[in-house]
> 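Encoded as C-alpha cells, here's the structure I'll be asking about.
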Amino acid sequence: MSTEAGATVDQNFDISCIFCRIANKQESSAELLHSDDDLVCFKDIRPAVTHHYLVVPKKHVGSCKTLTKDHVQLVKTMMEVGKSILQKNNVTDLEDIRLGFHCPPFCSISHLHLHVLAPASHLGFLSRMIYRVNSYWFITADELINQLQAS
C-alpha cells in the first residue's frame, strides 16, 4: 500500500470497481450473504433465476481469462462458497445448478465473479443463452478448472 494525495492505494483494490467496493464493504447497495478473508457472496442485481448469486474475490482479479494454474484453488473455493450459499437458502438439488464465468468481452464487470444459478432448469430462453454452458461467452467453473490444470 502507498498513499497518493492522502488516499490509500492498494494494488489489489480498484476504487472504480463496484465489486472491489462491495467486497471491501465500501458500498452499501449489496447485502453480503458470505464474507471471509478472501471472498464475498451477494445476490445478483439482475437475477436470471430464483437463486442467482455472485461469488467475488476481495482482491481485484480481472477475469477468467487472466487466471493461471495457480488460481485453481481460488476457483474451487468460489464453487464451494456458492454451493454453501445455495444450501443455506434451501436449494437441495445441487445437480440442477449452474456455476460459471462470463468471458471477456462479455463481462459486465471486469472483476472475476462466479455466477451461481439455481435451479438451472428454470432459466428462461434469454438466460439460457446468456449462461449457455461452455459457449464462447460463458464457461462453467468445472471446465475452467480443467483448462487451468491443462495449461
Side-chain angles (χ1 to χ4, degrees), residues 12-151:
N12 295 313
F13 179 81
D14 180 352
I15 191 69
S16 66
C17 173
I18 185 71
F19 287 173
C20 279
R21 293 195 312 270
I22 290 170
N24 290 280
K25 299 178 183 168
Q26 295 184 358
E27 187 73 37
S28 60
S29 62
E31 174 190 353
L32 297 183
L33 306 173
H34 172 89
S35 181
D36 62 30
D37 290 342
D38 301 313
L39 301 170
V40 296
C41 180
F42 49 91
K43 291 182 180 180
D44 192 295
I45 61 169
R46 289 188 293 273
V49 286
T50 307
H51 300 279
H52 187 168
Y53 309 109
L54 301 176
V55 179
V56 178
K58 285 187 173 180
K59 292 181 180 178
H60 190 82
V61 178
S63 74
C64 60
K65 292 292 186 183
T66 63
L67 301 181
T68 66
K69 191 180 287 191
D70 294 337
H71 293 100
V72 168
Q73 189 55 52
L74 171 65
V75 175
K76 287 180 177 181
T77 304
M78 292 173 80
M79 292 173 65
E80 290 167 10
V81 168
K83 288 178 182 179
S84 170
I85 292 297
L86 289 174
Q87 290 172 321
K88 287 179 184 174
N89 285 278
N90 301 316
V91 173
T92 56
D93 185 1
L94 294 182
E95 296 299 313
D96 190 19
I97 67 173
R98 187 154 306 161
L99 303 174
F101 303 89
H102 280 109
C103 304
F106 303 100
C107 305
S108 57
I109 306 290
S110 295
H111 182 128
L112 186 70
H113 54 285
L114 173 69
H115 287 271
V116 179
L117 301 133
S121 60
H122 290 191
L123 287 165
F125 175 76
L126 186 56
S127 293
R128 283 194 310 271
M129 294 304 296
I130 293 170
Y131 303 100
R132 187 174 174 188
V133 173
N134 300 330
S135 57
Y136 180 71
W137 54 89
F138 186 81
I139 186 169
T140 65
D142 286 328
E143 180 57 26
L144 178 59
I145 289 169
N146 289 341
Q147 289 182 13
L148 294 174
Q149 289 174 332
S151 65

> Check whether any side-chain heavy atom of Cys20 sits under 4.5 Å from a side-chain heavy atom of Ile15, and report yes or no.
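Heavy-atom side-chain distance check fails, nothing below 4.5 Å.
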> Applying ring-ring contact (aromatic ring centres under 6.0 Å, His included), which residue pairs with at least one partner in residues 23-48 are found, sequence neighbours left out?
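Listed by first then second residue: Phe19-Phe42.
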> If the condition is side chain to side chain donor-acceptor pair (under 3.5 Å), which residues does His52 pass it with, not counting sequence neighbours?
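Checked His52 against side chain to side chain donor-acceptor pair (under 3.5 Å); matches are Asp44, His115.
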> Looking at residues at least two apart in the chain, or sitting in another chain, which of them share a side chain to side chain donor-acceptor pair (under 3.5 Å) with Asp96?
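Side chain to side chain donor-acceptor pair (under 3.5 Å) check on Asp96 returns Ser121.
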> Mind checking side-chain contact (heavy atoms from CB on, under 4.5 Å) for Lys43 and listing every partner two or more places apart, or none if nothing turns up?
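Applying side-chain contact (heavy atoms from CB on, under 4.5 Å) to Lys43 gives Leu33, Tyr53.
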> Quick one: list whatever passes side-chain contact (heavy atoms from CB on, under 4.5 Å) with Gln147, sequence neighbours left out.
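Partners of Gln147 by the side-chain contact (heavy atoms from CB on, under 4.5 Å) criterion, ordered by chain and then number, come out as Ile139, Glu143.
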> For Phe125, check ring pair (Phe, Tyr, Trp, His ring centres under 6.0 Å) against everything at least two apart and list the hits.
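Checked Phe125 against ring pair (Phe, Tyr, Trp, His ring centres under 6.0 Å); zero matches.
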> Heavy atoms, side chains only, cut-off 4.5 Å: are Lys58 and Val40 in contact?
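Side chain of Lys58 against side chain of Val40, heavy atoms only: contact under 4.5 Å found.
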> Do Phe13 and His60 have side-chain heavy atoms sitting under 4.5 Å apart?
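In short, these two side chains do not touch, never coming nearer than 4.5 Å.
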> Give me the one residue out of Arg132, Met129, Arg98 that meets side chain to side chain contact (heavy atoms under 4.5 Å, CB included) with Leu123.
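Option passing the side chain to side chain contact (heavy atoms under 4.5 Å, CB included) with Leu123: Arg98.
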> How would you list, by chain and number, every residue that makes a side-chain contact (heavy atoms from CB on, under 4.5 Å) with Thr68, sequence neighbours excluded?
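Partners of Thr68 under the side-chain contact (heavy atoms from CB on, under 4.5 Å) test: Asp70, His71.
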> Could you pull out all donor-acceptor pairs under 3.5 Å where a side-chain atom in residues 79-91 meets a protein atom, sequence neighbours excluded?
residue: Asn89; atom: ND2; partner: Ile85; partner atom: O; Å: 2.8

> First locate atom OH of Tyr131, then atom CG of Leu99, and finally report the distance between them rounded to the nearest 0.5 Å.
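Rounded to the nearest 0.5 Å, the OH-CG separation comes to 13.0 Å.
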> Residues two or more places apart in sequence or in another chain: which of them pass side chain to side chain donor-acceptor pair (under 3.5 Å) with Ser28?
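With sequence neighbours excluded, Ser28 shows a side chain to side chain donor-acceptor pair (under 3.5 Å) to no residue whatsoever.
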> With a 4.5 Å heavy-atom cut-off, do Val75 and Leu67 have their side chains touching?
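Yes, side chains in contact.
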> Are any of the side-chain heavy atoms of His102 and Ser63 separated by less than 4.5 Å?
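Answer no - side chains too far apart.
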> Would you say Val61 and Thr66 make side-chain contact, with heavy atoms under 4.5 Å?
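The answer is yes, as the side chains (C-beta and beyond) meet within the 4.5 Å cut-off.
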> Is Glu31 atom CD crowded by more than 12 heavy atoms from other residues, nucleotides or ligands, each under 6.0 Å away?
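Atom CD in Glu31 is not packed in, count stays at 12 or less.
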> With a 4.5 Å limit on heavy-atom distance, are the side chains of Cys64 and Cys103 in contact?
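Yes, at least one pair of side-chain atoms sits under 4.5 Å.
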> Can you name the nearest heavy-atom pair linking Pro104 to Lys65, along with the distance?
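That would be CD-CG, 3.4 Å.
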> Could you list the residues that satisfy side chain to side chain donor-acceptor pair (under 3.5 Å) with Gln73, not counting sequence neighbours?
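In terms of side chain to side chain donor-acceptor pair (under 3.5 Å), with neighbours along the sequence ignored, Gln73 is linked to Thr77.
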> Can you see which heavy atom on Met78 is nearest to which on Leu39, and at what distance?
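The pair with the smallest heavy-atom distance is CG-CD2, 3.8 Å.
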> For a quick test of reading the model, state the closest non-hydrogen atom pair linking Leu114 to Gly100 and the distance between them.
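Shortest heavy-atom separation between Leu114 and Gly100 comes out as CD1-N, 3.3 Å.
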> Using the rule given for side-chain contact (heavy atoms from CB on, under 4.5 Å), can you reason through Leu74 versus Leu112, listing the C-alpha separation, both sets of side-chain angles and the distance that settles it, and then say yes or no?
CA-CA 11 Å; Leu74 171 65; Leu112 186 70; 4.1 Å; yes
> According to side chain to side chain donor-acceptor pair (under 3.5 Å), does anything in residues 15-25 pair up with another residue at least two apart or in another chain? List the pairs.
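Every pair satisfying side chain to side chain donor-acceptor pair (under 3.5 Å) with a residue in residues 15-25: Asp14-Ser16, Arg21-Glu27.
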> Could you check if a side-chain atom of Val133 sits within less than 4.5 angstrom of a side-chain atom of Phe138, using non-hydrogen atoms only?
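Val133 vs Phe138: side chains apart.
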> Could you grab the distance from atom CD1 of Ile22 to atom CD1 of Ile109, nearest 0.5 Å is fine?
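Interatomic distance, Ile22 CD1 to Ile109 CD1, rounded to 0.5 Å: 8.0 Å.
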> Do you know which two heavy atoms are closest between Ala118 and Ile97, and how far apart they sit?
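That would be CB-CG2, 3.7 Å.
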